Amino acid sequence: MSSGLPVPIPPQPNGFMATEAHQYFYMLTPIPGVTTLIAESGLSNDFSGVPSGVLERAAERGSDVHDATYFLLEDDLDEESLLPDVAEHMRGVDQVLKSASVEAWAHELHVCSPSLRVGGRLDIWGLVYGGPGLVDVKSGETRVGYVSLQLWLYRRALVEMYEIASRGGEVEVMQHAAELARLARLWCLRTKPARLVEVGLPDDEETCLAMLALHRRRESRAHWRKV
């Protein structure tokens, strides 16, 4: 971290497109988002018994917390405009970011792994406790395995993006950034009660890649299904 080289925002790979609705495309072909992919794996929480109104408000609050975190990191957050429950979450976010000395190199960053054919949006990439780290913000309870796999895929995509960028110029800077991404620790920022939790790696890389292969097989079958 003391090399003096900057850590730029990685350019998006040629052919990658992302929408605000979390839809991703590579070479004009739809690719799964990381969260969609993991949801299909069965690692998501089971909310079948939760009333729809409660789920809708939780989803709205999660979106509001992410938006507010973006403006907080931009030093442009209008705290008076926040709903009371969102403001409560954001007080915890602010406290955690300060206590962990988080310095964001990029936030709300669309990432893509052309090799894995998966996209996503990374909450925070930067320094955490003085070392490189990836942070995902969670305003609700989520399984540790979900967050671990989510951040592992984000890190794979981030490294790949820097490696691709290094072939087009600024070789030393981009390779340095790729190495930092490889070394990045994975963190989950839970907003209530506010705490920063380091998550371990998924059980093994083969399991992750097998899940991706299963998703592609399902997509292929859906493509050829009779209508």
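Just so it is clear, the structure is predicted and the values come from calculations on it, not from any experiment. Hydrogens, waters and symmetry mates are skipped; everything else that's a heavy atom, side chains included, is used.
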*asked:* Under the criterion side chain to side chain contact (heavy atoms under 4.5 Å, CB included), I'd like the reasoning laid out for Arg117 against Met27: C-alpha separation, chi angles, the key distance, then a yes or no.
replied: CA-CA 10 Å; Arg117 295 295 196 276; Met27 298 302 180; 5.9 Å; no
Please report the shortest heavy-atom distance between [X] and [Y], naming the atom on each side.
| X | Y | answer |
| --- | --- | --- |
| Ser139 | His89 | O-CE1, 3.6 Å |
| Ile9 | Ala106 | CG1-CB, 3.9 Å |
| Leu82 | Ala68 | CD2-CB, 4.0 Å |
| Pro6 | His176 | O-CD2, 4.3 Å |

To the nearest 0.5 Å, how far apart are [atom1] in [X] and [atom2] in [Y]?
| X | Y | atom1 | atom2 | result |
| --- | --- | --- | --- | --- |
| Leu83 | Glu60 | CG | CD | 9.0 Å |
| Asp136 | Asp123 | CG | CG | 4.5 Å |
| Leu77 | Asp67 | CG | CG | 10.5 Å |
| His110 | Phe16 | NE2 | CZ | 6.5 Å |
| Leu72 | Asp78 | CG | CG | 12.5 Å |
| Glu88 | Lys192 | CD | NZ | 3.5 Å |

Following the transitive rule for hydrophobic clusters with a side-chain heavy-atom cut-off under 4.5 Å over Ile, Leu, Val, Met, Phe, Trp and Tyr, establish whether [X] and [Y] coincide in one cluster.
| X | Y | result |
| --- | --- | --- |
| Met174 | Trp105 | yes |
| Val199 | Leu189 | no |
| Val65 | Val135 | yes |
| Leu73 | Leu127 | no |
| Val159 | Ile124 | no |

Using modelled atom types and a 3.5 Å cut-off, is there a donor and acceptor pairing between side-chain atoms of [X] and backbone atoms of [Y]?
| X | Y | answer |
| --- | --- | --- |
| Tyr26 | Val118 | no |
| Arg190 | Cys188 | no |
| Arg155 | Ala184 | yes |
| Ser99 | Val96 | yes |
| Ser148 | Gly200 | yes |
| Glu108 | Tyr70 | no |
| His66 | Val137 | yes |

Looking at [X], I want to see if its [atom1] is surrounded by more than 12 non-hydrogen atoms of other residues, nucleotides or ligands under 6.0 Å.
| X | atom1 | result |
| --- | --- | --- |
| Gln12 | CD | yes |
| Glu179 | CD | yes |
| Glu198 | CD | yes |

Aromatic ring pairing Tyr162/Trp125, orientation class (parallel under 30°, perpendicular over 60°, tilted between): tilted
Stepwise side chain to side chain contact (heavy atoms under 4.5 Å, CB included) test for Glu79 and Phe71 = CA-CA 10 Å; Glu79 297 182 13; Phe71 287 108; over 6 Å; no
Which of Val102, Val147, Val128, Leu151 passes side chain to side chain contact (heavy atoms under 4.5 Å, CB included) with Trp187? It is Val128
Notebook entry, point to check: With side chains defined as the heavy atoms from C-beta onward, is the minimum distance between His22 and Thr35 less than 4.5 Å?
Noted result: no
> Can you check side chain to side chain contact (heavy atoms under 4.5 Å, CB included) on Leu28 and Met17, steps first, answer last?
Replying inline: CA-CA 8 Å; Leu28 302 180; Met17 295 185 294; 4.0 Å; yes
Task: Ion pair check, Arg182 and Glu163, cut-off under 4.0 Å - done: yes
